[in-house]
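As the structure lists them, so they are numbered: ligands from 1, and atoms in each ligand from 1.
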Amino acid sequence: RPRVFSGIQPTADSFHLGNYLGALRQWVAMQDTHDAFYCVVDLHAITIEHDPAVLRRRTKVAIAQLLAMGVDPDRATLFVQSHVPEHAELAWVLGCLTGFGEAGRMTQFKDKSSKQGTGGTSVGLFTYPILQAADILLYTPDPGAEGRAIRVPVGEDQRQHLELTRTLAQRFNHRFGETFVPPEAHIPPGAAKITDLQEPDAKMSKSASSPQGIIDVLEEPGPMRKKIMRAVTDTGTEVVYDEEKKAGVTNLLRIFSALDGTSVPDLERRYEGSGYGQFKKDLAQVVVDTFTPIRERTLKLLDDEEQLDRVLAQGAERASGVAARTMEIVRERVGFVGRGR
Ligand code: TYM
């Protein structure tokens, strides 16, 4: 089975609709057809100022949400990044292969660093994509494995980081011998960039969106409905897909279609002549129906510390096994002396 690896930051009290449609839904689907590794990336979460108690809580909520969405710890390896120190170790090695200018061209870094307040931008934020490359490449399939491939389900905003990962894999192989498989981005057509409900030209984002612009997975049905009913559309009345002229309606159509499986043209036909009201009302119902069971399961899981601990221990153990093998090869290739016996 081909491998799949993906990660998500525990930087909010809940994941949002963009995370779900752009990535997490694919995580759940791909665990059946792939040898899956899914990681809550707490090292990435400290690249911006954070509160330790909040990070600890959010990391647990993240794991609980992933389980509630259907990530199955017996089929997929679900783990926390800081439990596997090889991530930081490989990031160092890859950092030594990355050009300063190359890292400086990462658009997410440019966006995020321009928004950092008085604390300023950390070196960690600058090297963030290198750590991401290490996350993925650590889980390169074994040299002997057949059909060696590693797929990475992510939203559109991660495309450039995946390109850098491929470049670093090839560069390492070229310098030190065939070691890594360049990963393939797996970006879902139609849901790769869910936009802000209030600013339909901007990405729905934990850090940049206003509360009104973002739908949280763990949100109560009341506010969820309200936000969809108040989503920005346009002065027209037609429910039609038009990215340029009707960005708001287009975003809602994408969300509707992705969640309920009806194609966009079928939705356009269904709401022909009925205005935005009924369309939004039905969409709100679809969103509530999708997330209510996930919210309920998450809350239950959070009450069962023992089960969460077992999942974390099992995930850390399995991920460590793979990461340790990869790092052993890397150390040898790079020229580090073995420890002796
Ligand atoms: P993060 O935590 O910001 O987001 C998690 C996933 O959600 C996707 N996403 C979206 N998709 C569609 N529409 C949106 N509005 C939207 N907002 C977010 C992201 O593309 C992502 O797939 N750097 C990564 C975390 C990471 C990672 C990795 C991912 C660290 N190491 C290794 C893959 C492989 C990030 O910031 O995700």
Problem set entry | Sidechain N-carboxylate O distance under 4.0 Å for Glu305, Lys60 | yes

Exercise. Among all residues two or more places apart in sequence or in another chain, which pass the ring pair (Phe, Tyr, Trp, His ring centres under 6.0 Å) test with Tyr139?
Worked result: Phe5, Phe37, Phe79, His87

Exercise. Who's touching ligand 1 if we go heavy atoms under 4.0 Å?
Worked result: Phe5, Ser6, Gly7, Ile8, Gln9, His16, Gly18, Asn19, Gly22, Ala23, Val41, His44, Tyr128, Gln132, Asp135, Ile136, Val152, Val154, Gly155, Asp157, Gln158, Ala191, Ala192, Lys193, Ile194, Lys203, Met204, Lys206

Exercise. Do you see a donor-acceptor pair shorter than 3.5 Å between the side chains of Gln132 and His161?
Worked result: yes

For this session: Answer yes or no: is there an ion pair linking Asp282 with Arg270, defined by an N-O contact shorter than 4.0 Å?
Result: no

For this session: Output all residues satisfying ring pair (Phe, Tyr, Trp, His ring centres under 6.0 Å) with Tyr271, sequence neighbours left out; order by chain, then residue number.
Result: Phe279

For this session: List, by chain and number, the other hydrophobic cluster members for Leu131, where Ile, Leu, Val, Met, Phe, Trp and Tyr join if side-chain heavy atoms come within less than 4.5 Å, directly or indirectly.
Result: Leu43

